[in-house]
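All ligand and atom numbering here is 1-based and tracks the order in the structure. Since this is a predicted model, take the numbers as computed values, not measurements. For reference, positions follow the sequence shown, starting with 1.
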Amino acid sequence: MTAPTPAPPPDAVLRDRAVIVTGGARGLGAAAAHAAAAAGARVLLTDLLEEEGRAVAGRIGDRARFLRHDVTSEDDWRAVVAHATAAFGRVDGLVNNAGISGGSHPVTEQTAADFRRVVDIDLTGVFLGLRTVVPALRGNGGGSIVNVSSAAGLMGLAGTAGYGAAKWGVRGLTKIAAVELAADRVRVNSVHPGMIRTPMTAHLGIPDGEGGYPATPMGRVGAPGEIADAVVFLLSDAAAYVTGAELAVDGGWTAGPAPRNPRQEDR
Ligand code: NAD
């Protein structure tokens, strides 16, 4: 039984917007779905993981729906748009979040099959989402698309041949779509999470809190909600003049290396 979701306040930034979030069954997608719903949106979350996805939708309440969806399938994408339109009467936003890491391999050791698989999900999946959802956004007079890339799409991160190539591709595709779709009032931006605690990164065993991740100037891993806040901003009218942008939410990881003496006491 799905709990009724309280009506959003009149000033909720995504009040009554209809938003699709892929990879919504866990991790960053689940956090984005929760945050968008808390900001007033109706949310269709999609994923391969049916049980987890239904559970997330159930926790959000009756403003959320779940649909099984493989982002590499054009048929599935058509079904997602049809489902969102039937459930909500419109589509205003898309969060292209679903992805896999594909593991860590030096470029000479990644197999062609693994490379193709990660590019198929992490890049072609985003392309198919754009292709399929844009007509619905145009039909409403505009909308917002947020593509979840990575810090690995802003720098050359060793061991990420397929993943990094896909995430750089997402960053480029975002700018191409932003330029092409601006006249249709469809904004397209990319978010670049750094190291965030989710099921994708849990096996790395990075400790929480200050000092847990010294690779970043802020010295810690991020929380899924910190990415979700950036996603909600880009979906909302607060970002009305923002398109083609790349928003790093990474504790400063891609800004530069952490200073050896962060407080510079002995300068
Ligand atoms: P996650 O593994 O916890 O969640 C990803 C979700 O995507 C899963 O629920 C999975 O089932 C789903 N998914 C995978 N393949 C799919 C497919 N073909 N069709 C539909 N759904 C599919 O990972 P996460 O950390 O929440 O990552 C979410 C996004 O953020 C990914 O694109 C990832 O590359 C990106 N990202 C994550 C981090 C991080 O540190 N966690 C950093 C940078 C970027």
Check: N97 side chain, G23 main-chain N or O, donor-acceptor pair, under 3.5 Å: yes

For R78, which residues count as a salt bridge (Lys or Arg N to Asp or Glu O under 4.0 Å) partner, sequence neighbours excluded? D75

Cluster link L44 to L137, ILVMFWY, side chain under 4.5 Å: yes

For ligand 1, output the ligand-protein N/O contacts shorter than 3.5 angstrom; if there are none, return none.
{"unit_1": "ligand 1", "atom_1": "2 (O)", "unit_2": "R26", "atom_2": "NE", "d": "3.3"}
{"unit_1": "ligand 1", "atom_1": "2 (O)", "unit_2": "R26", "atom_2": "NH2", "d": "2.7"}
{"unit_1": "ligand 1", "atom_1": "3 (O)", "unit_2": "R26", "atom_2": "NE", "d": "3.1"}
{"unit_1": "ligand 1", "atom_1": "9 (O)", "unit_2": "D47", "atom_2": "OD1", "d": "3.3"}
{"unit_1": "ligand 1", "atom_1": "9 (O)", "unit_2": "D47", "atom_2": "OD2", "d": "2.7"}
{"unit_1": "ligand 1", "atom_1": "11 (O)", "unit_2": "D47", "atom_2": "OD1", "d": "2.6"}
{"unit_1": "ligand 1", "atom_1": "18 (N)", "unit_2": "D70", "atom_2": "OD1", "d": "3.1"}
{"unit_1": "ligand 1", "atom_1": "19 (N)", "unit_2": "H69", "atom_2": "O", "d": "3.4"}
{"unit_1": "ligand 1", "atom_1": "19 (N)", "unit_2": "V71", "atom_2": "N", "d": "3.0"}
{"unit_1": "ligand 1", "atom_1": "25 (O)", "unit_2": "T198", "atom_2": "OG1", "d": "2.5"}
{"unit_1": "ligand 1", "atom_1": "26 (O)", "unit_2": "L28", "atom_2": "N", "d": "2.7"}
{"unit_1": "ligand 1", "atom_1": "32 (O)", "unit_2": "N97", "atom_2": "O", "d": "2.8"}
{"unit_1": "ligand 1", "atom_1": "32 (O)", "unit_2": "K167", "atom_2": "NZ", "d": "2.9"}
{"unit_1": "ligand 1", "atom_1": "34 (O)", "unit_2": "Y163", "atom_2": "OH", "d": "2.6"}
{"unit_1": "ligand 1", "atom_1": "34 (O)", "unit_2": "K167", "atom_2": "NZ", "d": "3.1"}
{"unit_1": "ligand 1", "atom_1": "40 (O)", "unit_2": "G194", "atom_2": "O", "d": "3.2"}
{"unit_1": "ligand 1", "atom_1": "40 (O)", "unit_2": "I196", "atom_2": "N", "d": "2.8"}
{"unit_1": "ligand 1", "atom_1": "40 (O)", "unit_2": "I196", "atom_2": "O", "d": "3.3"}
{"unit_1": "ligand 1", "atom_1": "41 (N)", "unit_2": "I196", "atom_2": "O", "d": "3.3"}
{"unit_1": "ligand 1", "atom_1": "41 (N)", "unit_2": "T198", "atom_2": "OG1", "d": "3.2"}

Do E226 and R220 sit within salt-bridge range, that is, some charged N less than 4.0 Å from a carboxylate O? yes

So that I can tick it off, tell me whether D92 and R42 are bridged by a salt bridge, with the cut-off set at under 4.0 angstrom between side-chain N and carboxylate O. no

Restricting to non-hydrogen atoms, name the atom on G53 and the atom on A25 that form the minimum distance, rounded to 0.1 Å. N-CB, 3.6 Å

